[in-house]
Amino acid sequence: MFKNDVGESNETSVKTFILLGLSNVLELKIVYSFIFLVMYTSTLTINVLLIVVVRSNEKLRTPMYFLLCNLSLIDICFSSTVVPKILANTLSEDKSISFLGCATQLYCHVTLGAMECLLLAVMSLDRYTAICKPLHYNSIMNKGFCVHLTFACWVLSFLGSIILTEFTFRLSYCRSNHINHYFCEMPQILQLSCQDIWLSELVEYILVIILGLGSLLFIITSYVFITLAILKISTTNQRQKAFSTCASHLVIVFLFFGAILFMHLRPPSSYSPNQDKVLALIYTVVAPVLNPIIYSIRNKDIKDCMKKIRFARFY
């Protein structure tokens, strides 16, 4: 039971949704399933490995690695809310998902997506403090501050997700139950409603601007100051290395945020099912496997710890 726009109780006529998926061609379904399975396995393996390495080494018990472990946990959960269902629907004839299951998937998906946006902003603050205010780093980015900041991000993410899920499933759905997507995403679900969706879309725009665009602008501002600080480095090699690290960070940031913001802030008239499926792949499947590689595996401390672990096992 959900409430409609005029506040009256209204039971939706749709009990289940049908996820149309990526393709109906058998050969393509097999290829897609293999790609998704490889990407998902890689996401789990790399992120779990990173968490284990950080937790097993006292040297890595720093604010930066605390945030990176949180990012890895989010990526594991973020990908797990979508990929297993994609694989099940692709390999099975039954492509249905219950109304409650769809609402649950949307809630978890939005929570984790919002949390990743906010956490990436916190990570940019950590880098800004380390590079631009190195003498005050330990006093500013202490353990207590990082824990409280991360907790605040989770609270904001949960609240934002509750609001979006409520404004999505309070509507009546009677036009169709076929979602032209491979998981329950708000823009695609709203198109099936037989009620006026302007209020739900307005709430979506407001929250995406606050949590998504706001986080991106914060990150860009942080990296502007970081770039200015890097330009003051006298050694060419160190300056080039710093620029290379920042560039790789910004590539994944713009990839992740660009896909999310375009998906949720574009005009409804520009809706394109195939385009949406590609955009969703970027932030639900591609980003979770790239994040640990870009932010962590390329890090010298992580590499050294992994070498020590391999060396210890060998002997």
How many angstroms lie between atom [atom1] of [X] and atom [atom2] of [Y], to the nearest 0.5 angstrom?
X: Leu71; Y: Leu50; atom1: CG; atom2: CG; answer: 8.5 Å
X: Phe183; Y: Asn89; atom1: CZ; atom2: CG; answer: 12.0 Å
X: Lys15; Y: Asn177; atom1: NZ; atom2: CG; answer: 12.5 Å
X: His109; Y: Met186; atom1: NE2; atom2: CE; answer: 11.5 Å
X: Leu156; Y: Leu118; atom1: CG; atom2: CG; answer: 6.0 Å
X: Met263; Y: Glu204; atom1: CE; atom2: CD; answer: 10.0 Å

Exercise. Is Arg239 positioned over the aromatic face of Phe243, cation under 6.0 angstrom from the ring centre and no more than 45 degrees off axis?
Worked result: no

Problem set entry | Validation row, ring centre His264 to ring centre Tyr205 under 6.0 Å | no

Using modelled atom types only, decide if a donor and an acceptor are shared between the side chain of [X] and the backbone of [Y] within a distance under 3.5 Å.
X: Ser72; Y: Cys69; answer: no
X: Gln105; Y: Val82; answer: no
X: Thr45; Y: Ser42; answer: no
X: Asp75; Y: Thr43; answer: no
X: Ser161; Y: Ser157; answer: no
X: Asn70; Y: Phe66; answer: yes
X: Asn57; Y: Val53; answer: no
X: Ser200; Y: Phe167; answer: yes

Problem set entry | side chain to side chain donor-acceptor pair (under 3.5 Å) partners of Asp94, counting only residues at least two apart | Ser96

Exercise. Given the rule in the side-chain contact (heavy atoms from CB on, under 4.5 Å) test, do Ile86 and Tyr32 qualify, once you have shown the distances and angles that lead to the verdict?
Worked result: CA-CA 10 Å; Ile86 295 175; Tyr32 290 147; over 6 Å; no

Heavy atoms, side chains only, cut-off 4.5 Å: are [X] and [Y] in contact?
X: Leu19; Y: Gln188; answer: no
X: Val122; Y: Asp126; answer: no
X: Val83; Y: Thr284; answer: no
X: Phe36; Y: Val285; answer: yes
X: Val253; Y: Met123; answer: no
X: Thr168; Y: Leu190; answer: yes
X: Val155; Y: Phe158; answer: no

Problem set entry | Val286 vs Met39, side-chain contact (heavy atoms from CB on, under 4.5 Å): CA-CA, chis, key distance, verdict | CA-CA 7 Å; Val286 177; Met39 295 288 284; 4.2 Å; yes

Exercise. So do Cys102 and Cys184 have their SG atoms closer than 2.5 Å?
Worked result: yes

Do [X] and [Y] have a side chain donor and acceptor closer than 3.5 Å?
X: Asn291; Y: Glu116; result: yes
X: Asn180; Y: Lys277; result: yes
X: Tyr40; Y: Ser80; result: yes

For this session: Under the side-chain contact (heavy atoms from CB on, under 4.5 Å) rule, what do Ile294 and Ser248 come out as? Steps first, then yes or no, please.
Result: CA-CA 6 Å; Ile294 297 297; Ser248 61; 3.9 Å; yes

Problem set entry | Considering all heavy atoms, the nearest Thr90-Lys29 contact | O-CE, 2.9 Å

Exercise. Crowded around Arg55 CZ? As in, over 12 foreign heavy atoms under 6.0 Å?
Worked result: no

Exercise. Which pairs with one or both residues in residues 131-168 pass disulfide bond (SG atoms under 2.5 Å apart), sequence neighbours excluded?
Worked result: none

Exercise. Would you call the rings of Tyr128 and Phe225 parallel, tilted or perpendicular, where under 30° means parallel and over 60° means perpendicular?
Worked result: perpendicular

Exercise. In terms of ring plane angle, is the pair Phe99 and Phe17 parallel, tilted or perpendicular, where the classes change at 30° and 60°?
Worked result: parallel

Exercise. Between Trp198 and Leu202, is a side-chain contact (heavy atoms from CB on, under 4.5 Å) present by the stated rule, with each step listed?
Worked result: CA-CA 6 Å; Trp198 75 268; Leu202 178 62; 3.9 Å; yes

